[in-house]
Amino acid sequence: MELTSSPPAHRPVSPAAHVNWLTRLSVSDWLFAIAVVFGAGIAYVRCSQFMDGYDIGILFIHAPLIIALGWAWRPFRLFVVAVAVLALFSIWLYQGDLARAEQAFFLKYLISSQTAITWMSVFLFTATGAYWLGFATRSDSAERTGSSMAWIATVMGATGLLVRWYESYLAGPDIAHIPISNLYEAFILFSLVTALLYLFYEGRYNTRKLGAFVLPVICAAVIFMLWYSITREAYQVQPLNPALQSYWKKIHVPSNFIGYGGFAIAAMVGIAYLFVSRGKFTNRLPELRVLEDVMYKAIAIGFAFFTIATIFGALWGAEAWGSYWQWDPKETCALIVWVNYAIWLHMRLTRNLRGEMLAWWAIAGLFVSTFAFLGVNLFLTGRHSYGAL
Amino acid sequence: MQHSAPRASFLDDLVELLSSMRFAISLLTILAIASLIGTVVQQEQPANAYLQQFGQFWDPIFSRLGLYAVYSSSWFIAILAFLVLSTTLCIIRQFTPMVREIRGFREHAREASLRHFAHRASFEPTLPPEERSGAATAYLARTGFRFRVNDHADSTLIAAKKGSLGRIGYFLAHGSIVLICLGGLLDSNLLLSVQIHLYGKVPAPGELTIGEIPPSARLEPSRWSFRGNIYIPEGTTASQAVINADNGVLLQPLPFKIELKRFHVDHYENGAPKRYASDVVITDNESGEVFERTLEVNKPFEHRGITLYQSGFDNDGSMLNFTAHGMTSCAHAAFPLEGKVGRRIPLFDKQSERIKIPPPCNQVLENYLAGYSLEFTDFRPINVENVGAPDSEGNHPGASFLGSGARPASNEKLRNLGPFYTYILRDPAGQAREFNNYMNPIQIDGLQYLLSGVRTSRMENVSWLRIPLDDEGSADTWFAIQQSFFDPARQAALIKRFISHSTDKDEKKTLEAAAKLLLTQFAQGGMKAVESSISEMKIPEDKREEANIFFVQVLQKLVWDAWMMVREAAGKGKLEPDDAYAPFVRDTFIALDSSIRYGAPFYLQLTNYEQRQATILQATRSPGKSLVYLGSLLLSLGVFAMLFIRERRLFVLFKKDEALVAMSSDRKTIDLDETFARHRDGLAAALGASAPQD
């Protein structure tokens with residue numbers, strides 16, 4: 001195997017530096033960590049009266065998680081800082097009055113929740129266009145533009161969700177809740193998580209060529225979200241029904257969407273794989289081994305998070321309905337998705353199956369996951385019908 | 001898994017098959033397909049629903065296949081059992097080789113095999129031979145490897161590795177599947193069936209009250225899993241859970257008593273439910289310990305292995321006070337009536353002293369209703385409904401898409417319509433009519449109505465009687481008009497008044513005849529009877545519409561006159577005809593028409609109520625839960641360990657003038673290339689070698 005064929009994706013590290021990862025950290029890493037800890041402290045001091053023990057626990061677990069992510073994946077630091085600055089700016093502009101969303105210029109046109117989410121959608125579409133242009137003309141600068149747009153979209157999306165959270169408190173402390181509770185919010189989360197996950201792989205494999213394939217699936221989600229929210233006014237913050245008032249939700253939903261995000265990326269990379277393996281676009285797409293690797297990594301991370309999401313869901317179900325598993329349609333579909341990717345991983349890891357078969361499978365997996373995510377809510381009844389259409 | 005010992009016997013073959021991944025994957029595939037069937041075919045529905053859905057041919061086949069209760073069918077449990085068996089055998093078979101992998105360093109690897117590694121490089125160390133080994137092991141230790149050094153006469157092999165924990169992940173992930181399945185089995189319905197057979201229990205029909213259930217349907221106190229409902233009205237105590245089984249119920253005694261002090265429903269500002277909570281007092285049977293708790297959704301309480309959950313509520317036992325407005329020809333027949341939700345009262349049998357109807361109307365009603373009974377089936381004090389119409393004025397909802405997401409929706413108007421109550425009037429033959437009423441007037445297109453919906457079966461849509469309110473906001477005017485309109489004794493006066501508007505003698509005659517005929521027909525069957533009489537008359541097809549309109553006009557004029565008579569009788573002044581009264585006359589007329597099909601001689605207007613609620617708790621004992629939770633924890637750890645801890649084996653072989661570096665891993669991913677390149681360069685630097693070559 002030729003070692004030079006894949007350039008090391010991250011910056012070269014001197015062997016000695018590898019010894020002690022602490023010494024690898026730069027000043028900016030430390031500043032970032034201090035800022036996160038400081039932010040968590042402020043959040044605790046300012047908002048602890050709105051939080052119960054679990055919320056406070058989750059807050060303090062998040063600080064080291066964000067720091068670790070930022071240290072391991074440097075662009076994430078800028079993302080966190082940008083989101084924090086924008087969200088805080090928005091909150092400051094609100095001055096505790098929802099009506100300011102119509103009056104303050106920046107709120108109205110930039111960073112009130114709905115506006116920010118609209119900007120996220122716009123930037124995701126632009127990013128897709130740029131990636132396509134890059135794909136068509138093999139222009140690196142177009143792909144760079146796409147990448148920047150995608151980053152801006154994730155910043156706007158995350159800001160939108162955080163501001164929405166704050167706005168829900170302005171609407172009334174008893175209505176207030178984390179905005180991952182209905183189908184509309186879930187779609188924003190999906191777009192955000194999938195885009196971030198993709199950007200991670202983009203950096204990790206040092207190739208922007210996959211954007212043209214991965215971004216469309218996010219755009220499809222955004223289109224559905226816009227249609228859904230405009231026809232049903234689903235973007236309104238609604239009070240939570242008692243079953244949804246649970247701390248499990250706060251970890252169940254995001255883990256699930258890391259899972260779905262991973263599966264979606266794997267499927268889109270699977271399409272790219274099929275093209276390349278048939279000799280199409282070979283000079284516009286990464287080589288097969290890279291595609292295969294991304295596909296595996298995306299499914300691995302998706303599977304791991306989907307596993308814990310399903311477990312969190314079972315724990316939540318036990319608490320809300322008295323049974324951790326009752327073969328509800330949503331639970332059963334989660335099992336089907338889980339089994340599907342469990343077999344995929346067995347095939348890949350134990351059987352060492354490679355090639356088109358796995359790519360087709362990953363693509364089919366997206367349909368299975370989409371059905372579990374959306375189809376159950378559309379076509380079947382069950383206890384998990386919060387996102388009913 | 002692929003490499004197996006030579007096949008010795010049938011048993012070995014069987015074990016080989018069962019523990020093979022092929023078999024496990026086939027099982028998982030079947031499991032997924034079975035689950036899919038269980039999702040698509042709604043489970044545990046009433047038998048006739050399936051018969052309707054699938055027809056006479058397929059229904060018995062599907063039923064026999066267990067498709068209506070997939071997850072408790074024997075074949076489904078068998079799949080799970082085989083999955084457990086297969087996974088267990090797989091773990092057992094993998095145990096020894098895996099442990100060897102985890103513990104071993106492969107320090108006896110041969111040079112020839114190292115030279116076949118995909119990741120290998122060799123270089124010439126500049127360090128003196130005696131320092132090489134030390135420098136290499138120092139580097140390995142620094143980079144987190146564990147290692148063994150194997151010295152030979154002419155060569156030294158350092159075998160190093162890290163990330164072996166990933167292989168422990170294999171045991172965790174697969175062992176956890178076994179644990180989860182076993183735990184799930186302990187909590188499944190299977191054990192309930194075993195218990196039923198073991199103790200010869202027979203589920204009792206569901207209609208019985210707790211006291212009526214025979215001992216054959218009462219389970220023994222046990223440590224087995226169960227899942228049942230407990231129904232407790234406020235102020236009462238329960239000590240049994242009701243388990244649904246095989247189209248009947250079983251009683252499970254609880255080791256404690258639960259008294260419901262109070263049940264609350266809190267609402268959000270827009271009326272949506274915010275919190276369901278039961279204030280209960282739990283008294284342990286054995287120790288007499290007392291716990292006061294508030295059970296809420298998502299906040300269960302556990303005692304003696306039994307967990308209590310807030311699952312539902314009911315308004316049974318609420319006291320309702322009505323004014324019954326007679327809808328017969330008898331004037332002023334309004335009388336009080338009392339009811340209790342969930343109860344049934346016989347009407348006008350000899351013993352019934354409760355209902356006092358003022359004479360002279362008592363005779364009419366009592367004759368009509370002898371042998372009837374009244375059941376109060378539902379009462380809900382708060383009913384929030386969306387009364388907003390979809391945006392019809394061209395206001396594009398998208399216009400408000402931007403901005404804050406926390407404003408109220410533009411086309412949504414949630415309003416509490418107030419108490420809603422349902423009662424069933426059953427005739428002596430058992431035929432039932434269900435009435436669904438709102439206590440408060442409902443506004444429709446700016447006008448106020450009392451609403452009462454009727455249907456004769458649950459399958460039907462409700463047809464609404466909309467009683468218009470008069471300018472004083474009262475329905476009494478309508479009831480008075482209704483009574484006089486259909487009273488044969490007052491018909492003559494009504495017709496006389498009606499024809500007095502005309503001055504022409506002949507016309508008076510015609511009008512009188514028409515009014516008489518219309519009133520009789522209308523009283524018999526409403527507008528439908530009038531219309532069918534038109535079709536019987538010898539009126540040309542194209543004139544029928546005209547005739548119809550004419551008759552409606554006559555009837556509405558009669559309504560107007562009846563209204564005026566009612567006003568005069570009540571000492572209110574006469575009104576001059578005006579367009580402003582047209583809606584009231586129209587609505588009164590429509591309501592008169594509907595009242596003919598109403599099918600009850602009175603309208604029950606709720607005047608007062610005393611809400612008494614009951615909570616529905618769910619009680620479960622799941623002895624398998626701890627196994628499942630442990631399994632889940634191990635599964636999470638195992639999956640993360642397997643997927644994200646990468647095993648790396650690094651070999652450094654020193655020959656006379658050569659250092660050979662080779663690397664292997666159980667996962668062939670791209671980062672292996674990078675990791676190898678890093679360690680190759682690192683080792684080269686540590687050994688003072690120049691640029692390495694393959």
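What you see below is based on every heavy atom in this structure, not just the backbone, and it leaves out hydrogens, waters and symmetry mates. Sequence lines set the chain letters: A, B, ... in the order given, protein chains first and strands last, and positions in each chain run from 1.
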Exercise. Can you tell which part of B:S632 gets under 4.5 Å to a heavy atom of chain A, answering side chain, backbone, both or neither?
Key: both
Quiz prompt | A:Q238 versus A:Y184, side-chain donor and acceptor atoms under 3.5 Å | solution = no
Quiz item: Does a donor on one side chain and an acceptor on the other come within less than 3.5 Å for B:D187 and A:Y324?
Solution: yes
Self-check item: Residue pair A:A176 / A:S168: nearest heavy atoms and the distance that separates them
Solution: CA-OG, 3.3 Å
Quiz item: Taking every heavy-atom pair that is under 4.5 Å apart, which of A:T332, A:T310, A:D293 has the most such pairs with chain B?
Solution: A:D293
Self-check item: Proximity breakdown for B:T29 and chain A, heavy-atom pairs closer than 4.5 Å
Solution: both
Self-check item: Part of A:S323 within contact of chain B (heavy atom distance under 4.5 Å)
Solution: both
Quiz item: Between A:W325 and chain B, which part of the residue has a heavy atom less than 4.5 Å away: side chain, backbone, both or neither?
Solution: neither
Self-check item: Structural part of A:A116 lying under 4.5 Å from a heavy atom of chain B
Solution: neither
Self-check item: Contact leader toward chain A among B:I180, B:V639, B:N298, B:D266, where contacts are heavy-atom pairs under 4.5 Å
Solution: B:N298
Quiz item: So does B:K299 have more than 12 non-hydrogen atoms from other groups sitting under 6.0 Å from NZ?
Solution: no
Quiz item: Side chain, backbone, both or neither: which part of A:L170 has a non-hydrogen atom closer than 4.5 Å to chain B?
Solution: neither
Quiz item: With distance as the sole criterion, is a donor-acceptor pair present between the side chains of A:W248 and A:E319 under 3.5 Å?
Solution: yes
Quiz prompt | Neighbour count above 12 (heavy atom, 6.0 Å) for A:W119 CH2 | solution = no
Quiz prompt | Heavy-atom contact with chain A under 4.5 Å, split by part of B:T620 | solution = side chain
Quiz item: Under 3.5 Å, side chain of B:D671 to main-chain N/O of B:E674, donor-acceptor pair present?
Solution: no
Practice problem: Could you tell me whether the side chains of A:K249 and A:S181 share a donor-acceptor contact shorter than 3.5 Å? | Solution: yes
Quiz prompt | Ring geometry between A:W327 and B:Y71 (parallel below 30°, tilted from 30 to 60°, perpendicular above 60°) | solution = parallel
Self-check item: Proximal component of A:L107, with respect to chain B [non-hydrogen, under 4.5 Å]
Solution: neither
Quiz item: By a 4.5 Å heavy-atom criterion (distance strictly below it), what part of A:D174 contacts chain B: side chain, backbone, both, or neither?
Solution: both
Quiz item: Which of the residues A:R164, A:Q245, A:K108 is involved in the greatest number of heavy-atom pairs with chain B at under 4.5 angstrom?
Solution: A:Q245
Quiz item: So does A:Y247 have more than 12 non-hydrogen atoms from other groups sitting under 6.0 Å from OH?
Solution: yes
Quiz prompt | chain B contact via A:L240 - which portion, at a heavy-atom distance below 4.5 Å | solution = both
Quiz item: Within a radius of less than 6.0 Å around OH of A:Y54, do more than 12 heavy atoms belonging to other residues, nucleotides or ligands occur?
Solution: no
Quiz item: Checking heavy atoms, do the side chain of B:L31, its backbone, both or neither come under 4.5 Å from chain A?
Solution: side chain
Quiz prompt | A:E331 side chain to A:Q326 backbone, donor-acceptor under 3.5 Å | solution = yes
Quiz prompt | Plane angle bin for A:W344 and A:Y296 - parallel if under 30°, tilted between 30 and 60°, otherwise perpendicular | solution = parallel
Self-check item: Portion of A:I111 that has a non-hydrogen atom of chain B nearer than 4.5 angstrom
Solution: neither
Quiz item: Hey, which of A:L315, A:V368, A:N340, A:V163 has the most heavy atom pairs under 4.5 Å with chain B?
Solution: A:L315
Practice problem: Among B:K625, B:E296, B:R275, B:Q310, single out the residue with the greatest number of heavy-atom pairs under 4.5 Å to chain A. | Solution: B:K625
Practice problem: Would you mind checking which part of A:E102 comes under 4.5 Å of any heavy atom in chain B, side chain (CB onward), backbone (N, CA, C, O), both or neither? | Solution: side chain
Quiz item: Within the side chain of A:K330, is there an N or O that forms a donor-acceptor pair under 3.5 Å with the backbone of A:A372?
Solution: yes
Quiz prompt | Under 4.5 Å from any heavy atom of chain B - which part of A:R100 | solution = neither
Quiz item: For B:I37, is it the side chain, the backbone, both, or neither that has a heavy atom closer than 4.5 Å to a heavy atom of chain A?
Solution: neither
Self-check item: Region of B:V70 that comes under 4.5 Å of a non-hydrogen atom in chain A
Solution: neither
Exercise. Select one option (side chain, backbone, both, neither) describing which atoms of A:T307 are under 4.5 Å from chain B's heavy atoms.
Key: side chain
Quiz item: Any idea which of A:A314, A:A101, A:A304 has the most non-hydrogen atom pairs under 4.5 angstrom with chain B?
Solution: A:A304
Exercise. Can you tell which part of B:F76 gets under 4.5 Å to a heavy atom of chain A, answering side chain, backbone, both or neither?
Key: side chain
